[in-house]
Amino acid sequence: MAIVQVAVAAPLPEVFDYLPPPPDTAYDIGQRVLVPFGRGQRMGIIVGCRRESAIAPDRLKPIARCLDQEPLLSAKDLELIRWAADYYRCPPGEAIFSALPTRLRRPVPSSQAQPKGWRLTAAGDACPLAQLARAPRQAATLTALKAQPAGIDDTSLRDQLGDCSAALKALATKGLIERCQVSAPLDRIGAQNLGIPPIGSPATSPKAWPDISPEAVPTTSPDASPDGLATSSLATNACAASPDSPTAGEPMLGPALNSEQQVAVEAVSEASGFNCFLLDGVTGSGKTEVYIRLIQRALERGQQVLVLVPEIGLTPQLAERFAQRIRAERVVLHSGLGERERETAWRRAAHGQARLVLGTRSAIFTPLPDLGLLIVDEEHDVSLKQQDGFRYSARDLAVRRAQISQCPILLGSATPSLETLRNAERGRYQHLRLRHRAGGAQAPRFLLADVRSQPLVTGLSHALLTRMTEVIEAGNQVLLFLNRRGFSPVLTCHDCGWISVCQHCDARMTLHRGHSQLVCHHCGDQRPLPVQCPYCESPDLRPLGQGTERVEDSLRQRFPGIPLARIDRDNTRRKGELERLLTAARDGAYPILLGTQMLAKGHHLPGVTLVGILDLDHGLYGSDFRATERMAQLLIQVAGRAGRAERPGTVLVQTRHPDHPLLIRLLRQGYAAFAAAALSERAEAGLPPFSFQALLRADSRTEQLALDFLRGARTLALALEPGPVEIWGPAPASMERRAGRFRAQLLLQCSQRGPLHALIDRLLPALRAQASNRKLRWSIDIDPQESL
Ligand code: ADP
Ligand code: ZN
Ligand code: ZN
């Protein structure tokens, strides 16, 4: 007897046994199914088949229905996701479904999104047609709907009745009909084969795909006709050669590689099987150029390539560079895409049509049958770690995936994480270095401005203002970095000392003058700007400190008529706005650029010769042990925007701690020396990467509940003989109250991974078995990147 194992889309740690679906329904590992579950039905995915079940045969139920005719995920894809689910302690069903494009997380047969339609209300059902004798259109519409109690979708209604929108509106107003989701009738699904419609059918792609078969455009075929591809564009996401890229036959050459780049390219191309490389190259050293060469080679070998970047904002620029040099079909995958677009791109990759996939974090799960190379750019970036739900590190999973696929992986960064550097040090990763900027650009020069006793003009020192004037007069660009959006981080009452605290968080509300609001950046709460102190009613309310909005104001007064672009989350909300600003910035349209970390990452701004860092101190004494590492990475990344072309750059850092030892080491000796010092501090303190951590977090409306749960967890852990595992806490989070919930954490730490994970394996079932309390939320974060 065959038993089918199904991971059900629910937060349950186990997979369930079922009998196969009715005969003559094909089923396979990786297909989505509907299964009887409890009193209803649930969606699941087939993850395995076996001969026997621990459950008595008469208690097993058959799979109700298959939603896909072909597997969505291969055995290898499932192996990666299930490994991740195990490692990060995420229920398998939850992990698998969160790895699928959103549209496929719904129990709808492949590419059959439920259309919207109309159905009768109870009143409509009871309404005699005679009542509508004087409105024949309405009567006809009602008749049609009476014949289909489940409802009729809009398209079918139009097919049957022509344009009946006025009649529908009238009937709805009378309360006789209502809007609904209509599931496509089964016979129609059957006709379409229930499975994946051919690419190019209107069901999958709103816009027509270029009419090419995968064979017609192999990776870098010399005789692929660019004309045949002209209809594809970035708008449809998948794109082959853009019309202005070199025509077939012309080699898509870039600059001649320098010797360090060449060494890197050779090392990775010669690797056979699984091999992990760290490409440690200063900003502007030509890492991207190395990626491009390696991608070209892999594509020539007939392989697919996956490139991960930490942020959606970095995709357009990289996509454009790939477009100029890589002819094979490419797709981009990130959360900014529409659901359909995303599903289509995902399927193009899964079917092997797309050869190069560029994406953010979740793209790590894209099925790629011919995967031959993985690249993770800016591998140090925290955005590669998912911070809620399925808490995985896309970088670490990329390494695991390369291992499963037996292919090389390249981790690139100008500021590698200490974890990765440690792995290189231990010889697990091969360390490739690019020490010099490519194409003759010079490394930037650092200046420390001690601002302790200086008068500051909205956070700008005299030294910085003077240099800004020089740079602008010389026709170059200035980039100012301040990682704080809004006008000022707090509003105070000058008379009684009231400050604008959030009611729901242990935090202050930021003043946003553009919208005349106080906004909490932690819970999102917004309040209109008070005109007088809520406590003493004094009208003398004053903003304290500065965010980007205020600095912008001040700069516009100080440099009248000089175009300035502010780039932060508040004014790049509109789709395409960030890209537009960055392109204009790159073209030199703005002598002054002011931004948060959005502006710090990866962007190429050749005209910038001065970078001003307004306030670094936040990172020097943060509560998280990674604070200095993050500060150093951010500083070097921002600094990397300076002097990327022929013009040399200067970085002016304003600080109140000019003699902070790690800061001095970083600026005088560079990131590598900083990292070495930081690593030996970590070794001494027994912190990661010299130990492994897991964080048990809990939150509740009352402080007691969360803390009691964690105290209980601690007691349980101690009773389970933790061996070498250290148990720290419980302790309240550094921001204890957030969005009205009290948060606390218990830290488990061990110098070896094995005992830590073994303890967690015993602890979690015990915690789950405890009487559940719906007022309490808890989660486990393996290899946490941030404490609360
Ligand atoms: P990174 O990714 O390390 O920041 P890029 O690959 O963006 O660096 O390279 C920085 C600049 O140097 C780009 O304009 C790129 O075209 C150029 N470049 C890269 N490699 C070379 C090379 N070997 N010779 C000349 N210019 C190069
Ligand atoms: Zn007051
Ligand atoms: Zn808040």
Side-chain angles (χ1 to χ4, degrees), residues 253-265 279-295 307 309 314 317-318 320-322 324-325 375-379 410 412-416 432-444 489-510 517-527 530-542 586 600-607 636-646 649 735-743:
L253 289 177
L257 296 183
N258 63 37
S259 58
E260 286 181 326
Q261 285 173 316
Q262 210 142 14
V263 168
V265 170
L279 184 62
D280 177 359
V282 299
T283 50
S285 59
K287 292 185 291 298
T288 313
E289 195 55 45
V290 171
Y291 302 159
I292 291 173
R293 299 300 167 98
L294 288 171
I295 294 168
V307 180
V309 289
L314 292 175
Q317 195 173 322
L318 206 53
E320 192 189 312
R321 275 181 82 175
F322 289 166
Q324 286 162 4
R325 303 276 299 283
I375 295 173
V376 182
D377 192 23
E378 313 289 0
E379 69 82 32
L410 183 65
S413 177
T415 53
L432 304 166
R433 290 185 179 86
L434 306 179
R435 292 183 176 85
H436 308 287
R437 286 196 159 182
Q442 293 168 25
V490 61
L491 184 69
T492 62
C493 169
H494 193 62
D495 288 329
C496 76
W498 169 85
I499 54 172
S500 55
V501 292
C502 176
Q503 293 175 325
H504 316 288
C505 308
D506 294 331
R508 290 155 174 194
M509 293 188 95
T510 301
Q517 275 180 331
L518 290 174
V519 179
C520 174
H521 288 180
H522 304 282
C523 70
D525 192 25
Q526 304 182 352
R527 270 191 271 158
V531 288
Q532 58 182 39
C533 173
Y535 191 74
C536 74
E537 301 188 350
S538 156
D540 193 2
L541 296 179
R542 300 185 183 184
R586 196 172 40 184
K601 295 183 178 177
H603 305 294
H604 190 59
L605 302 163
I636 298 295
Q637 295 288 341
V638 185
R641 304 309 116 220
R644 283 176 70 94
E646 314 73 52
M735 183 193 296
E736 190 176 357
R737 198 170 53 108
R738 181 175 172 158
R741 297 184 73 91
F742 289 87
R743 311 177 312 150

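Order of appearance sets the numbers: ligands from 1, and atoms from 1 within every ligand.
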Metal site angle (apex the Zn ion (ligand 3)), SG from Cys505 and SG from Cys520, 10 degrees: 110°
Arg437 heavy atom under 4.0 Å from ligand 1: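 Contact check Arg437 vs ligand 1: negative.
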Close approach, Gly281 and ligand 1, non-hydrogen under 4.0 angstrom: no
Neighbour count above 12 (heavy atom, 6.0 Å) for Arg508 CZ: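 No, the 6.0 Å shell around CZ holds no more than 12 heavy atoms from other groups.
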Ligand 1 versus Arg321: contacting region, heavy-atom distance under 4.0 Å: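 The part of Arg321 near ligand 1 is the side chain, not the backbone.
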Side chain, backbone, both or neither: Ser285 near ligand 1, heavy atoms under 4.0 Å: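 Looking at Ser285 and ligand 1, atoms from backbone and side chain both fall under 4.0 Å.
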Got an N/O contact under 3.5 Å between [X] and ligand 1?
| X | result |
| --- | --- |
| Thr288 | yes |
| Gly286 | yes |
| Gly284 | yes |

Within 2.8 Å of the Zn ion (ligand 3), is there any N, O or S atom belonging to [X]?
| X | value |
| --- | --- |
| His504 | no |
| His522 | no |
| His521 | no |

At the Zn ion (ligand 2): angle between Cys493 atom SG and Cys533 atom SG, to 10 degrees: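 It comes to 110°.
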Val290: which of Ile295, Leu434, Ile375 passes side-chain contact (heavy atoms from CB on, under 4.5 Å):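 Testing Val290 for a side-chain contact (heavy atoms from CB on, under 4.5 Å) against Ile295, Leu434, Ile375 leaves exactly one candidate, Leu434.
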Side-chain donor/acceptor of Arg433 to backbone N/O of Ala264, under 3.5 Å: no
Flag, side chain of Gln261 to backbone of Glu289, donor-acceptor distance under 3.5 Å: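 No; zero donor-acceptor contacts below 3.5 Å.
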N/O/S atom of His494 inside 2.8 Å of the Zn ion (ligand 2), strictly under: no
